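Please read the structure below before turning to the comments.
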Protein chains: 2
Amino acid sequence: MHWNLDQLACLLAAAEHGSFSAAARKLGKAQSAVSTAIAHLEVDLGLTLFERSGRTPTLTAAGAAMVSEAREILRQCDQLQGRALALASGEEPRLTLAVDEALPYPPLIDTLLALAERWPALELSLLNGAQAEIPHWVDDGTADLGVLFSQPTLPATLAVRQIARLSQTVIVAASHSLARRPTVRLSTLSRYRQLVVASPLGGNRQVRLSPRVWQLNSYYAIAELVAQGIGWALVPEHIAAYPMYRELLRRLTISELPDPPSVGVELVHRRAGAQGPIARWLQDELSARLSR
Amino acid sequence: MHWNLDQLACLLAAAEHGSFSAAARKLGKAQSAVSTAIAHLEVDLGLTLFERSGRTPTLTAAGAAMVSEAREILRQCDQLQGRALALASGEEPRLTLAVDEALPYPPLIDTLLALAERWPALELSLLNGAQAEIPHWVDDGTADLGVLFSQPTLPATLAVRQIARLSQTVIVAASHSLARRPTVRLSTLSRYRQLVVASPLGGNRQVRLSPRVWQLNSYYAIAELVAQGIGWALVPEHIAAYPMYRELLRRLTISELPDPPSVGVELVHRRAGAQGPIARWLQDELSARLSR
DNA sequence: AATACCCATCAGGAAAGCAGATAGCTCAAT
DNA sequence: ATTGAGCTATCTGCTTTCCTGATGGGTATT
């Protein structure tokens, strides 16, 4: 393989302009350069690319086949060059996104679809985690960007930005004795076991209404146990509406709290790490789609 | 774009072998050549491809992105080289196949599928024609290979090879008075209009059993008119079985001809034109599949 | 026949690429 | 701490490639 990209470019230009001279003018070279380039290419490939009987050379069938191969190669070279330019201007070659597994999926999926379309060559890693794992991954560099539920404390190295609030609801098993009443008082509720999200890493600032509390690091685990009748919990609406549990759960209205406290959704990234254009776009997009 | 394929090859080798020295050994070059090649590539792309702090260089994230782009380009270059080799050895860059539209489709389609898989880069043209058009197209160079029903006369410049025989049947409209009898005599048949294939170009050697004859150049047109009750015809089995007509047609048995004459299927190509490997393969494949 | 345009080839000079040598670095083993 | 193996960057001189501009010969149009 002794030929090079310049020779392919000559071939393409000659095929497109119909003559070596015109190709040379287009390429800003001397005619002799194009002529010898194509002659060498023909020797290297062992093919006659142009029929030179007439006034202007005409592509042979083999030449046409080589032109389409060459065109594809040069297109890919342009692509490499473009990619290099984008990377040089700070665009991320890869990105790791950490999201809390209990976030509503549709806006995340939509965002990722838009991301794939806009930056087809980006290498993405998506980490699903529970609660305090998210800021931890971002902090230690495992992830570049994190989306999580509001945490009581976060490492000081992280920049936080609240992007949405999700309304919550109190759930209990359909089979639970509490489920029989449409409205309950706080004092009634506090007699039963409450399940709250918390993790050994971060603290917990979720509202505690009952002295009898179990802590779990996943809303799904909470919903699962609540469905089994082990207690009640305050969870985001979309968790209560999750198809797998919906039949097994009932929502409670609390007389003192007709609108239970909402939970915030936050975006975090390292203060130190420079944000590339894709990360910035992703933040805006996630923010827009999650807050709708 | 000042970089070249050698530099991309150096990048790939260095990334794969973990050091410039190892890459140089693999490429059969001096270490300094690889070192400068990659240094120039970095300048041209405006990127740092390797982190050189440690004992051996390690790819940066941007470098990894460039490696995957470069790998694709070099793969395509190999492909071009391979294609050139095949073309130089006589493989056809493009092929035009002319087939009679009345041939049974499934074996043709199967052959074309196998062709597409085996020679993905081949440019194919498929011409559907009726009767004498096929040898005409092959003769004048419009097509390279033709598949047709036996013709009485063919240009002497063509090489012919019979590859199959298709059994035929006598058809008549379901509404036709002949359709009421399971078996008819030749003398009865000759009182009705017979439709035969023929074309102004070639003559006609199809069996004429009736003095009242219409000539058409397409079996489909014949089946259509027979279905309308305009007469009877001798056609290949698969035409009689064609879904669009099947309900409208009846088959007749002729007492003197319990097995009506079959019709041959032939392959033609120019004697002069050199047959490439794909054309030869195609002939064998068509022959095998049509004669099954 | 004249003109305009094209191609291949040649010679000389510029540019790029390469091998080999060398100096400085990192890492691991002693 | 020292030594040694292995690595990279850089320099020098040489070779090869590449380019331009000129020239001769071919083809189609006027």
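Protein chains get the first letters and strands the later ones, always in sequence-line order, with residue 1 at the start of each. All figures in this text were calculated on a predicted structure; none of them were measured in a lab. Basis for what follows: all heavy atoms, side chains included, without hydrogens, waters or symmetry-related copies.
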Pairing of B:Arg52 and B:Glu42 as salt bridge, 4.0 angstrom limit = yes

A:His2 NE2 to C:dC18 P, in whole Å, measures 12 Å

Under a 3.5 Å cutoff, is there a donor and acceptor pairing between the side chains of B:Glu91 and B:Trp119?
yes

- Task: Decide whether A:Ser218 and A:Glu101 meet the rule of one side-chain donor and one side-chain acceptor closer than 3.5 Å.
- Result: yes

_Any carboxylate oxygen within less than 4.0 angstrom of a Lys/Arg side-chain nitrogen, looking at A:Arg270 and A:Asp144?_
yes

A:Arg52 atom CZ is separated from C:dT9 atom C1', nearest whole Å, by 13 Å

| More than 12 heavy atoms of other residues, nucleotides or ligands under 6.0 Å from NE2 of A:His40: is that the case? | no

Whole-Å distance, B:Asp44 CG to C:dA16 P, equals 10 Å

Does this structure show an ion pair linking B:Glu16 with B:Arg71, if we count only N-O contacts that are shorter than 4.0 Å?
yes

Check: Quick one: is A:Asn4 getting a side-chain N or O under 4.0 Å of the D:dT17 phosphate, OP1 or OP2?
Finding: no

In numerical order, the residues of residues 19-42 of chain B whose heavy atoms come under 4.0 Å of DNA chain D are B:Ser19, B:Phe20, B:Ser21, B:Arg25, B:Gln31, B:Ser32, B:Ser35, B:Thr36

Separation of C:dA8 atom P from A:Arg55 atom CZ, nearest Å, is 15 Å

